[in-house]
Amino acid sequence: FWIASGTSALALAVIAIFLRAQRRTSPETNQPAGRNGILGALRDPRVRTLAAANGCFLAGFSVVMTLFPLAGEARIPGALTFVGAALTAAGLCGLVGAPFAGRLSDRFGRATLMAVGVLLSSAEGASLAVTSDPYVVGACFALGGLGAASFSNGLYAAVGDLTAVCDRG
């Protein structure tokens with residue numbers, strides 16, 4: 001839980017840095033010109049900041065998904081069935097919520113949706129620290145799946161906004 005919380009806090013801090021960098025840029029520098037592919041896109045510090053946020057988010061996500069079966073089996077009686085159901089709920093909610101998250105990122109902004117996604121995803125790790133009720137854990141994992149979809153859609157849309165069409169590959 002603490003590792004996942006720490007990486008979520010790092011992801012939120014990096015998103016805040018992205019917001020500050022976004023405010024300092026003018027609209028004419030929003031679409032750089034060039035045919036440099038991924039290396040051209042990575043020259044933009046805003047894209048590197050988003051890559052760092054993605055790294056922090058995925059580190060916490062992988063810790064929770066890797067250690068959840070072990071922690072769930074120790075804390076929840078008859079856990080293997082509920083662990084599988086919770087992991088399935090996270091994946092299904094992420095799959096179902098992805099199209100809606102894309103529209104929300106257009107409506108409320110990329111960074112806002114990324115921050116909401118990190119907060120919702122941290123519910124997965126927090127559920128194991130707070131409760132041993134399998135239904136609450138499953139609901140928290142479903143929220144975490146929605147959070148993962150929100151973060152990913154906001155991130156990919158922001159990178160698309162910052163990258164020239166010829167550099168998108």
Side-chain angles (χ1 to χ4, degrees), residues 1-22 46-163:
F1 167 72
W2 294 110
I3 294 172
S5 298
T7 56
S8 294
L10 281 174
L12 284 173
V14 172
I15 291 169
I17 292 169
F18 170 71
L19 282 173
R20 278 188 38 205
Q22 190 73 1
R46 298 169 295 177
V47 174
R48 288 194 306 259
T49 304
L50 289 172
N54 192 34
C56 294
F57 178 77
L58 289 178
F61 186 74
S62 64
V63 165
V64 169
M65 288 300 174
T66 305
L67 296 180
F68 174 61
L70 299 174
E73 189 176 3
R75 291 192 53 135
I76 302 170
L80 292 179
T81 303
F82 288 111
V83 166
L87 292 174
T88 302
L92 284 177
C93 285
L95 179 69
V96 170
F100 302 107
R103 296 194 89 160
L104 289 174
S105 73
D106 291 338
R107 185 171 185 181
F108 296 110
R110 288 26 171 153
T112 304
L113 195 69
M114 288 169 40
V116 168
V118 168
L119 292 174
L120 284 176
S121 292
S122 65
E124 292 173 340
S127 68
L128 286 177
V130 176
T131 184
S132 61
D133 182 16
Y135 298 106
V136 173
V137 171
C140 288
F141 265 71
L143 281 176
L146 291 174
S150 299
F151 177 82
S152 298
N153 279 335
L155 176 84
Y156 300 145
V159 170
D161 291 343
L162 296 173
T163 310

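None of the values given here were measured: they were computed from a predicted structure.
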Table please: side-chain donor-acceptor pairs of residues 88-105 below 3.5 Å, with sequence neighbours left out.
| from | atom 1 | to | atom 2 | distance (Å) |
| --- | --- | --- | --- | --- |
| Thr88 | OG1 | Gly84 | O | 2.7 |
| Ser105 | OG | Gly102 | O | 2.8 |
| Ser105 | OG | Arg110 | NH1 | 3.4 |

Heavy-atom side-chain proximity of Leu50 to Met114 below 4.5 angstrom: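 Of all side-chain heavy-atom pairs linking Met114 with Leu50, at least one is under 4.5 Å.
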
Which residues share a ring-ring contact (aromatic ring centres under 6.0 Å, His included) with Phe108, sequence neighbours left out: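 If we apply the ring-ring contact (aromatic ring centres under 6.0 Å, His included) test to Phe108, skipping adjacent residues, there are no hits.
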
Closest non-hydrogen atom pair, Gly138 against Ala86: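 Heavy-atom minimum between the residues: CA-CB, 4.1 Å.
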
For residues 142-152, which side-chain donor-acceptor pairs fall under 3.5 Å, sequence neighbours excluded?
| from | atom 1 | to | atom 2 | distance (Å) |
| --- | --- | --- | --- | --- |
| Ser150 | OG | Leu146 | O | 2.9 |
| Ser152 | OG | Ala148 | O | 2.9 |

Phe82 CZ to Asp133 CG distance, which is reported to the nearest 0.5 Å: 8.5 Å

Rounded distance (nearest 0.5 Å) linking atom CG of Asn54 with atom OG1 of Thr49: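 Separation between the atoms: 12.5 Å.
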
